[in-house]
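The structure displayed is predicted, hence computed values, not measured ones. Both counts, for ligands and for their atoms, begin at 1 and track the order of listing.
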Amino acid sequence: MPAPLPRITREIRLAEVPAGLPGPEHLTLAEVPLPLPEAGEVLVRNRWFQVFPSLRTLIAGGVPGTPFPPLRPGDTLFGPAVGEVVTAPDGCGLRPGDLIAHYRGWREHAVVPVSAPLGDDLPDPAAHLAPGATAYAALTRIARLRAGETVLVTGGAGGVGSLAGQIARRLGAARVIGTTGSPAKAERMTAELGYDAVVLRDGSPIGGRLAEAAPDGVDVVVDNVGGEQLRAAIAVARPGARLAVVGTLATQLSAASGGTTAPVELDAFQLIAKNLTLRGFVGVDEDTRAEWTRRFGAWLRSGAVVFPHTRVPGIENAPRALRELFEGRHLGTVVVEI
Ligand SMILES: NC(=O)c1ccc[n+]([C@@H]2O[C@H](COP(=O)([O-])OP(=O)(O)OC[C@H]3O[C@@H](n4cnc5c(N)ncnc54)[C@H](OP(=O)(O)O)[C@@H]3O)[C@@H](O)[C@H]2O)c1
C-alpha cells in the first residue's frame, strides 16, 4: 500500500523585497495545502533543489530576456530541483518513485509537467543540479577551447567555476587559472579541482597578480564575475582569445548594487588590437546538455571529475543556505536535501 498523501506541505516564500541582499529575514516558511496535478502534470516530492545566485537578481526585479521571471512578495521561490514522482496519470511514461528534473524547487511538493524520467547517466541524482552544462557550453560552444591553451575561470570555486576548471583540464588545457575570494577555497582549487594557479579577490587591484599568474596571457576566459575581473581578463588576453561571459557575481552579489545591471568599463582598443571575441550567452540547448550529462557521468564514475557541492539538510535551512551562498561560505554547488 502506498503511504497516504499529506494534506499540508511546506514551501519558502518571499516576504519582502530588501534594499540589499535577501536573507532569511526576508523569507518565510509557509504551510500550504498539497497541490493537485491537472491533465499533463504529475505530483512530485522534491528530494533536492539548488540554491543559486540568480535569486538575488530575480528578487531585485529580474532582467528581461533571461529565462526566469522576477519574484514578488508572496511568491514561492523556485529553481532547479530533482523530485520523486508521487502520483502520475496512467500512460504518461512515469511511475511513482521515478526521479525527474524541474524548476519548482524551494517546496517539499510540486506539481510539474510530465517529462522524461532521469536516466542513470549520473551516479548521484543530485549531480543533475550541478550547473556544469553551462561551464561545458562556455568552453566547448562559446569559447571553443583547444588542447594546449591557457584558460582563466573567474569565480573559479563556485557552482559553475568549480566544474569549468575541471572540464578545461579534461579538454586538454595546458594551464588553468582561477579566481576566488577565499584563501581556503584557493587551496582546494589547486589540490582538488585541477587549477594550476589561483588569484585571490582581496579588495586590492587584481590585474597585476593575474598577469603574474598568466605570464604568457590567456586564450580562453569563462567569466562568472564581470566588473574588475572582466577588465583584468581582457588585459591578459592573448591575440585571438575568446571570452565567454557567463555571470556577473561582482554586482549580482553586491549589497550596494541594484542586482539587475552589471556595468563595466572596458578598453575597446584591447578588443580591437587583440582581435578578441567577447560573447555572452544564457541557457544551454538540449543537445549540448545531453552531451554534457553523458560525459559528466563517465568522468564522475572514472574519478576524473568530482561534483563539488555542499548538501544542506532540511527545507527550513534553505533561507540560511541562500545567505551563506551570498557570503561565499561554500565551495561548488549548494544543494538543499529534503
Ligand atoms: N549564462 C548562463 O546561462 C548562466 C547559468 C548559470 C549561472 N549563471 C551565472 O553565472 C554566475 C556564477 O554562477 P554560480 O552558480 O557558479 O555562482 P557561485 O559562484 O556559486 O556563487 C556564489 C559565489 O560567488 C562568489 N562571490 C560572492 N560575492 C562576490 C563578489 N562580490 N565578487 C565576486 N565573487 C563573489 C563567492 O565565491 P568565492 O568565495 O569563491 O569568491 C560565492 O561562493 C552567476 O552570476 C550566475 O547567475 C549564468
Heavy-atom distance to [atom]: which of [options] wins?
atom: atom 44 (C) of ligand 1; options: K185, H330, R329, Q252; result: Q252
atom: atom 29 (C) of ligand 1; options: M189, E327, R201; result: R201
atom: atom 11 (C) of ligand 1; options: S54, G247, A130; result: G247
atom: atom 32 (N) of ligand 1; options: G328, A250, G283; result: A250
atom: atom 8 (N) of ligand 1; options: V246, T66, T57, L163; result: V246

Below 3.5 Å, N or O to N or O, backbone or side chain included: is there any such pair between [X] and ligand 1?
X: F281; result: yes
X: V225; result: no
X: G161; result: no
X: T180; result: yes
X: S182; result: no
X: P53; result: no

_Identified side-chain contact (heavy atoms from CB on, under 4.5 Å) partner of L243 from the options T154, L271, T277, I234_ =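 Exactly one candidate clears the test, I234.
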When you measure from [atom] to every protein heavy atom, which one gives the shortest distance, and what is it?
atom: atom 4 (C) of ligand 1; result: T134 CG2, 3.8 Å
atom: atom 16 (O) of ligand 1; result: V160 N, 2.7 Å
atom: atom 22 (C) of ligand 1; result: L325 O, 3.7 Å
atom: atom 28 (N) of ligand 1; result: L253 CB, 3.7 Å
atom: atom 20 (O) of ligand 1; result: G159 N, 3.0 Å
atom: atom 21 (O) of ligand 1; result: L249 CD2, 3.6 Å
atom: atom 19 (O) of ligand 1; result: G158 CA, 3.1 Å

Can you name the atoms of ligand 1, numbered from 1 with element, that are less than 4.0 Å from a heavy atom of [X]?
X: A157; value: 40 (O)
X: F326; value: 27 (C)
X: G181; value: 38 (P), 39 (O), 40 (O), 41 (O)
X: T248; value: 45 (O)

*Taking side chain as C-beta onward, heavy atoms only, is L210 less than 4.5 Å from I177?*
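Result yes, sub-4.5 Å side-chain heavy-atom pair found.
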*asked:* Any non-hydrogen side-chain atom of F326 less than 4.5 Å from a side-chain atom of P22?
replied: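 Yes - at least one pair of side-chain heavy atoms lies under 4.5 Å apart.
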_Check the orientation of F49 and W106. Use parallel for under 30°, tilted for 30 to 60°, and perpendicular for over 60°._
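Ring orientation of F49 relative to W106: tilted.
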*Specify whether F52 and F68 have parallel, tilted or perpendicular ring planes, treating 30° as the upper limit for parallel and 60° as the lower limit for perpendicular.*
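Correct class here is perpendicular.
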*Of all the heavy-atom pairs spanning R13 and V32, show the shortest one and how long it is.*
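Closest approach of R13 to V32, heavy atoms only: NH2-CG1, 3.3 Å.
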*Go through the steps to decide whether E291 and R141 satisfy the test salt bridge (charged side-chain N to carboxylate O under 4.0 Å, His left out), and finish with yes or no.*
CA-CA 12 Å; E291 181 180 307; R141 305 306 200 264; 2.9 Å; yes
Enter the distance from [X]:[atom1] to [Y]:[atom2] here, rounded to the nearest 0.5 Å.
X: L122; Y: F296; atom1: CG; atom2: CZ; answer: 6.0 Å
X: Q50; Y: L55; atom1: CD; atom2: CG; answer: 9.0 Å
X: T180; Y: K185; atom1: OG1; atom2: NZ; answer: 5.0 Å

*Side-chain heavy atoms under 4.5 angstrom apart, residues restricted to Ile, Leu, Val, Met, Phe, Trp, Tyr: same cluster for V42 and V111?*
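Not linked; separate clusters.
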*R188 atom CZ: more than 12 heavy-atom contacts under 6.0 Å*: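 Atom CZ in R188 is not packed in, count stays at 12 or less.
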_Does E187 have more than 12 heavy atoms from other residues, nucleotides or ligands lying within 6.0 Å of its CD?_
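Incorrect, the count does not exceed 12.
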*Look at R144 together with D219 and state whether they make a salt bridge at an N to O cut-off of under 4.0 Å.*
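Answer for the salt bridge query: no.
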_Residue portion contacting ligand 1 (non-hydrogen atoms closer than 4.0 Å) for F52_ =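 No part of F52 comes within reach of ligand 1.
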